[in-house]
Amino acid sequence: MSSFGRLYKFFSTAAPAVSETTISATKQAIATTPKPNKPTKPTSQAARLKQLAKNFKKSSKNPSFRLRIPYYESTVYRLAAAKQFNLIQDILEHQKQFDSITDERFTVRLISLYGKAGMFDNASKLFDEMPELKCERTVISFNALLAACVNCKKFDKLEALFRDLPGQLGIKPDRVSYNTLIKSYCVMGSVELAVGVIELMESKGLAPDLITFNTIFDALYRNKKMDDAEKLWVLMESKNVIANVRSYNPKLRALVADERISEAVELIEEMRAKGVMPDIYSFNALIQGYCFEKNLEQAKRWYGELAKCDVSPDRMTYEIMLPFVCDIADFDYAFQLCKDVLNSKHRVSMSVIQRVVDGLATDLKSEEAEVLVDLADTNNYFHYKLKLPAE
DNA sequence: TTAGGGTTAG
């Protein structure tokens, strides 16, 4: 049976009548939430994060604060990176007391944050609680729950919810739902199933879109399935979906990884000819390729190309270039790059910059080394603690 | 609400 056949059968079978619904089955004790690991960071950091959570809760009283999505995101990311799951639960559960919780878009963001933090049980519990919180549940919150499954790698759970919840809650999966199912298959390594979903969604009257194809391109190129990807380009064009820069970038990375850098350069030209402007991900792919080939001249050329194309370098650009430039001991150029970093808002790993400072000092370029240390001291975005080597 | 590499502090 084809992928489509298997998928169609699976997703077209009505959910069995059960007294204990799948929803409640998804309810799991919060006790099963990932437990904070043994603290590995200094207590001062733990104290700082506790204060962060406290301030966050205090600010939440303000309705305009509750619209500041990036603040919510960065706070949860910081806490998740430090494995402070109890604090994440603390600040997100705190939001339930505000009337924003009756707004589905707000609650969906909380579900999504739990998902990004890897706290699936909390995401699922919040979804279940929506009716009692007087918050309408539509396909949007269903999709957020599916996305939480992907982020938490609960692939079996996603399939079960996708099959059972629409019938139980009277929700009709939409294109976003199917794209999330596709993403799930891609992440779990079943790209063939992901491709099969295109036919499945079409059988439900939903046309695949750019996100559908780009999601699968990324998975195919990561797995070096170049031939399958070419077939997908043909299919995409037959559906009148127009490629964008995010369709091309996975291919660029795959060509570079395969050491076919001249073909990657040709692809950039092809993109431009089609009016698709390369972005920082595209340029980083090429710079990565040339650094790997130890071709400083070309790496520099493409770094220079960024300014010409009005594209800003990012953290990754420097993380790729600086170690390579240090390897070949071109500290004059490394000095230029570091000045660019320290005058920007990008945060590059401190050890990478320290290596340049050390190299400059060894190269009898103490003045330049001092310039970097001073620039680091006055950097407004991140406090680098660089050290001049002992005299 | 779904497609890229998320360590400031607020």
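Note that the structure is predicted; figures quoted are calculated from it, not measured. So that the names make sense, note that chain A is the first sequence line, chain B the second, and so on, each numbered from 1.
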Are the side chain of A:Glu159 and the backbone of A:Phe155 linked by a donor-acceptor contact shorter than 3.5 Å?
no

Counting side-chain heavy atoms from C-beta on, which of B:dA3, B:dG4, B:dG10 comes nearest to A:Leu52?
B:dG10

Quickly work out the A:Lys83 NZ to B:dG6 C1' distance and round it to whole Å.
15 Å

From CG of A:Leu158 over to P of B:dT2, roughly how many Å is that when rounded to an integer?
14 Å

Answer with base, sugar-phosphate or nothing: what part of the nucleic acid does A:Asn55 contact at a heavy-atom distance below 4.0 Å?
nothing

Rounded off to whole Å, could you give me the CD1-to-C1' distance for the A:Ile320 and B:dG4 pair?
13 Å

Would you please indicate yes or no on a ring centroid separation below 6.0 angstrom for A:Phe127 and A:Phe142?
no

Check whether any side-chain N or O of A:Gln95 sits under 3.5 Å from a backbone N or O of A:Leu110 as a donor-acceptor pair, and report yes or no.
no

Please state whether the base of B:dG5 and the side chain of A:Asn284 form at least one donor-acceptor pair under 3.5 Å?
yes

Starting at atom OH of A:Tyr281, determine the distance to atom C1' of B:dG6, rounded to an integer number of angstrom.
9 Å

Whether the side chain of A:Arg347 and the base of B:dT7 hold a donor-acceptor pair under 3.5 Å is what I'd like checked.
yes

Quiz item: A:Asp218 side-chain donor-acceptor pair to B:dG4 base, under 3.5 Å
no

Counting any heavy atom closer than 4.0 Å, what does A:Ser112 reach on the DNA or RNA strands: base, sugar-phosphate only, or nothing?
nothing

Which sits closer to the 5' end of DNA chain B, A:Val108 or A:Asp314, going by the nucleotide each is nearest to?
A:Val108

Tell me if a side-chain donor or acceptor on A:Thr107 pairs with a main-chain N or O of A:Glu104 at a distance below 3.5 Å.
no

When all nucleic acid strands are considered with a 4.0 Å heavy-atom cut-off, which category describes A:Asn151: base, sugar-phosphate, or nothing?
nothing

Length of the line joining A:Ile280:CD1 and B:dG4:P, which is rounded to integer Å:
18 Å

Is the distance from OP1 or OP2 of B:dG4 to the nearest side-chain N or O of A:Arg253 less than 4.0 Å?
no

Show the numbers, then the answer: is there a side chain to side chain donor-acceptor pair (under 3.5 Å) between A:Asp279 and A:Asn249?
CA-CA 9 Å; A:Asp279 66 7; A:Asn249 284 342; 3.1 Å; yes

Taking donor-acceptor contacts at under 3.5 Å, does the side chain of A:Ser59 reach the base of B:dG10?
no

So, A:Tyr77 and B:dG6: ring centres less than 5.5 Å apart, planes less than 30° off, yes or no?
no

Mind checking if A:Thr212 touches a base, just sugar-phosphate, or nothing, with heavy atoms under 4.0 Å?
nothing

Mind checking if A:Glu73 touches a base, just sugar-phosphate, or nothing, with heavy atoms under 4.0 Å?
base

Taking A:Asp103 for its side chain and A:Arg105 for its backbone only, find out whether a donor-acceptor pair lies under 3.5 Å.
yes

Gap between atoms NZ and P, on A:Lys54 and B:dA9 respectively (whole Å)
18 Å

Any side-chain N or O of A:Lys57 below 4.0 angstrom from OP1/OP2 of B:dG10?
no

Would you mind telling me which residue lines up with the more 5' stretch of DNA chain B, A:Asn143 or A:Tyr71, judged by nearest nucleotide?
A:Asn143

A:Arg109, nearest nucleotide to its side chain (from B:dG5, B:dG6, B:dT1)
B:dT1

According to a strict under-4.0 Å criterion, is A:Arg78 in side-chain N/O contact with OP1 or OP2 of B:dG6?
no

With respect to the side chain of A:Arg315, which nucleotide from B:dT7, B:dA9, B:dT2 is positioned closest?
B:dT7

Whole Å only: how far is the CE atom of A:Met316 from the C1' atom of B:dT7?
14 Å

Rounded to the Å, how far apart are A:Leu146 CG and B:dT2 P?
12 Å

